[in-house]
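I have placed the structure first, in the form of structure tokens, so that the comments after it can refer back to it.
What's counted below: heavy atoms across the whole structure, side chains too, no hydrogens, waters or symmetry copies. Note that the numbering runs from 1 along the sequence shown for the chain.
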Amino acid sequence: MTNYNWAIAGTGEIAQQFALGFHEEHSTLYAVCSRNQETAKHFATEYDIPHAYGNYDELLYDEQVDIVYVAVPNRFHFDYIKKALEAGKHVLCEKAITLNLAELESLMDLAEAKNLILQEAMTIFNMPLYQQLTAIATSGRLGKLKMIQAPFGSYKEPDPTNRFFNPDLAGGALLDIGTYAVSFATRFMSEAPTVIASQMQPFSTGVDEQSITILQNPAGEMAAVTLSFQAKMPKIGIVAYEKGYITVPEYPRGDKAEIVFTDGSKEVIESGSTGQALNYEIATMIATIEGAQNQSLVWTHQATAIMDQMQQAWAAKKN
């Protein structure tokens, strides 16, 4: 198998997590770039990365770079992905992969035309636990899916200048924590859902501070997605079927779930490790490049479509 050279675009917290735990048998952490050369050099030294660039174009000119991991603020994802694909690089991009569905579909078309792999770094599409839960659900043991609950609340200091609340950086709960909740819901639904109703409370800067959204698909399956940047909520995903329900604590990087059947019996499912969440994304990326079938971009497309509908519903209510 080929050894792939990875480059990190960005040096923030998630880029640091990615570099710190990076481990994949057929991959090397080859380069990093930042808008500041000294920042890139410091990052490269700290994580033992051989090449540091102070300019994204310079990184893309390096023919030794095979895959770019995009870890810059949401606002810049589209431009960074587009440039990398045009330069012939595969791309793994942090969530939310794009700001809207039109951007995503444009990049999907470009990746296909270039015969390159584009994926979103969404843990829910890569954690081994979800593969096991899907197998149980599709086996029929739990009957038909009826209802999903996907809450995510995280308290952020109400500072209008930070990325969480800054509209110039595509801030707001939806494009940050909301990607997990929507991805959790769509991961289990048997058909793509649509937004039935959505209500948003804005922060002073205009970005979404909190929201409640109801989803439904043609099969009658429903989901409630509840988000907040000003109230902490337990990240416990619930998937309810006719014959029992699944609970997934800390569902964004879940490695353990419990099934409670209608007769009161219980079953615990454990698979994977939360600490290896980002490495599962790396391994999936390599496997897809090598030709393995992968559903994750379909799920990304569905989740992005839902987030698009949510934002459109909010915009309509403003007008």
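- More than 12 heavy atoms of other residues, nucleotides or ligands shown are found within 6.0 angstrom of CD on Q295.
- Hydrophobic clustering, with ILVMFWY side chains joined whenever heavy atoms are under 4.5 angstrom apart, groups I67 together with I282.
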task: Begin with the C-alpha distance, continue with both residues' side-chain angles, and end with the deciding distance and a verdict on side chain to side chain contact (heavy atoms under 4.5 Å, CB included) for V72 and H77.
output: CA-CA 7 Å; V72 296; H77 284 185; 3.9 Å; yes

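- Annotation: ring-ring contact (aromatic ring centres under 6.0 Å, His included) contacts involving residues 218-251, sequence neighbours excluded, comprise F164-F229, F165-F229, F184-Y251.
- Closest approach of L99 to A170, counting heavy atoms only: CD2-CB, 3.5 Å.
- At a threshold of 4.5 Å between non-hydrogen side-chain atoms, the residues N5 and V65 do not count as touching.
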Worked check of side chain to side chain donor-acceptor pair (under 3.5 Å) between S34 and N36: CA-CA 5 Å; S34 171; N36 183 294; 5.8 Å; no

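- In this structure, the side chains of R35 and Y56 stay at 4.5 Å or more apart for every pair of heavy atoms.
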query: Checking side chain to side chain contact (heavy atoms under 4.5 Å, CB included) for the pair L129/K256: CA distance, chi angles, key distance, verdict?
result: CA-CA 7 Å; L129 177 68; K256 184 177 181 179; 5.6 Å; no

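- The distance from atom CD of Q201 to atom CD1 of I212, rounded to the nearest 0.5 Å, is 11.0 Å.
- Under a 3.5 Å cut-off, the side chain of R141 and the backbone N or O of I136 do not form any donor-acceptor pair.
- Two residues are said to be in side-chain contact when any heavy atoms from C-beta on lie closer than 4.5 Å; L107 and K82 meet this criterion.
- For the atom pair M122 CE and T304 OG1, the distance stands at 9.0 Å (nearest 0.5 Å).
- Taken to the nearest 0.5 Å, the CD atom of E242 stands 5.5 Å off from the NZ atom of K146.
- Counting heavy atoms of neighbouring residues, nucleotides and ligands inside a 6.0 Å radius, atom NE2 of H23 does not exceed 12 of them.
- The structure places OG1 of T213 at 11.5 Å from CE of M307, a figure rounded to the nearest 0.5 Å.
- Qualifying ring-ring contact (aromatic ring centres under 6.0 Å, His included) partners for H301, counting only residues two or more places apart in sequence or in other chains: none.
- Contact of the R163 side chain with the P73 side chain is not registered, since no non-hydrogen atoms from C-beta on lie closer than 4.5 Å.
- By the criterion of side-chain heavy atoms lying less than 4.5 angstrom apart, applied directly or through intervening Ile, Leu, Val, Met, Phe, Trp or Tyr residues, V298 is not grouped with L110; the two fall into different hydrophobic clusters.
- A 6.0 Å sphere centred on OH of Y61 holds no more than 12 heavy atoms belonging to other residues, nucleotides or ligands.
- In this view, D66 satisfies the salt bridge (Lys or Arg N to Asp or Glu O under 4.0 Å) rule with no residue, not counting sequence neighbours.
- Each of T186, L101, V225 was evaluated against I306; a single residue qualifies, T186, per the side chain to side chain contact (heavy atoms under 4.5 Å, CB included) test.
- In terms of modelled atom types and a separation under 3.5 Å, the side chain of H51 and the main chain of Y30 share no donor-acceptor contact.
- In this structure, the side chain of D308 does not engage the main chain of N100 through any donor-acceptor pair within 3.5 Å.
- By the salt bridge (Lys or Arg N to Asp or Glu O under 4.0 Å) test, D57 is found to be paired with K83, residues two or more places apart in sequence or in another chain being considered.
- Side-chain N or O atoms of T179 include none that pairs as donor or acceptor with a backbone N or O of L175 at under 3.5 Å.
- Residues E46 and L20 are not in side-chain contact: their nearest non-hydrogen atoms beyond the backbone lie 4.5 Å or more apart.
- No donor-acceptor distance shorter than 3.5 angstrom exists from the side chain of N217 to the backbone of M189, with no hydrogens or angles considered.
- Remark: the backbone N or O of P167 is paired with a side-chain donor or acceptor of R75 at under 3.5 angstrom.
- Under a 3.5 Å cut-off, the side chain of E221 and the backbone N or O of S190 do form a donor-acceptor pair.
- When each of Y69, Y47, F18 is checked for a ring-ring contact (aromatic ring centres under 6.0 Å, His included) with W6, only F18 meets the rule.
- Atoms CH2 and OG, from W299 and S183 in turn, are 10.5 Å apart once rounded to the nearest 0.5 Å.
- Minimum interatomic distance between P252 and K235 (heavy atoms only, all atoms of both residues): CG-CD, 3.9 Å.
- A distance-only check finds no donor-acceptor pair linking the side chain of T98 to the backbone of F78 [under 3.5 Å].
- F43 has its side chain within reach of Q16: a pair of non-hydrogen atoms, C-beta onward, lies under 4.5 Å apart.
- Residues satisfying the ring-ring contact (aromatic ring centres under 6.0 Å, His included) criterion with Y4, sequence neighbours excluded, are absent altogether.
- A donor-acceptor pair under 3.5 Å is absent between the side-chain atoms of K156 and the main chain of Q230, judged by distance alone.
- Across every non-hydrogen atom of N166 and V207, the tightest pair is C-CG1, 4.3 Å.
- The backbone N or O of R253 lies less than 3.5 Å from a partner atom in the side chain of T274, making a donor-acceptor pair.
- For the residue pair N3 and S27, the shortest heavy atom distance occurs at OD1-N, 3.4 Å.
- The CG atom of L174 lies 4.5 Å from the CE atom of M310; values are rounded to the nearest 0.5 Å.
- Both L116 and L118 belong to a common hydrophobic cluster when Ile, Leu, Val, Met, Phe, Trp and Tyr are linked at side-chain heavy-atom distances under 4.5 angstrom.
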query: Under the side chain to side chain contact (heavy atoms under 4.5 Å, CB included) criterion, do V91 and V70 qualify, and how do the steps go?
result: CA-CA 7 Å; V91 179; V70 175; 3.9 Å; yes

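- At a threshold of 4.5 Å between non-hydrogen side-chain atoms, the residues V248 and Y130 count as touching.
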- request: Walk me through it: do T2 and E290 pass the test side chain to side chain contact (heavy atoms under 4.5 Å, CB included)?
  value: CA-CA 9 Å; T2 302; E290 290 288 319; 4.2 Å; yes

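- When all heavy atoms are compared, the tightest approach of M200 to D208 is CG-CB, 3.4 Å.
- Q210 and S228 get closest at one heavy-atom pair: OE1-OG, 3.4 Å.
- Under the 4.5 Å side-chain heavy-atom criterion for ILVMFWY residues, a single connected hydrophobic cluster contains both I97 and L169.
- Judged as a side-chain hydrogen bond (donor to acceptor under 3.5 Å, both in side chains), the pairs with a partner in residues 107-121 (not counting sequence neighbours) are, in order, Q119-T288, E120-T300.
- Under a hydrophobic clustering in which Ile, Leu, Val, Met, Phe, Trp and Tyr are joined whenever their side-chain heavy atoms come within less than 4.5 Å, directly or via other members, Y53 and V68 fall into the same cluster.
- Considering only heavy atoms from C-beta on, F188 comes within 4.5 Å of L133 through its side chain.
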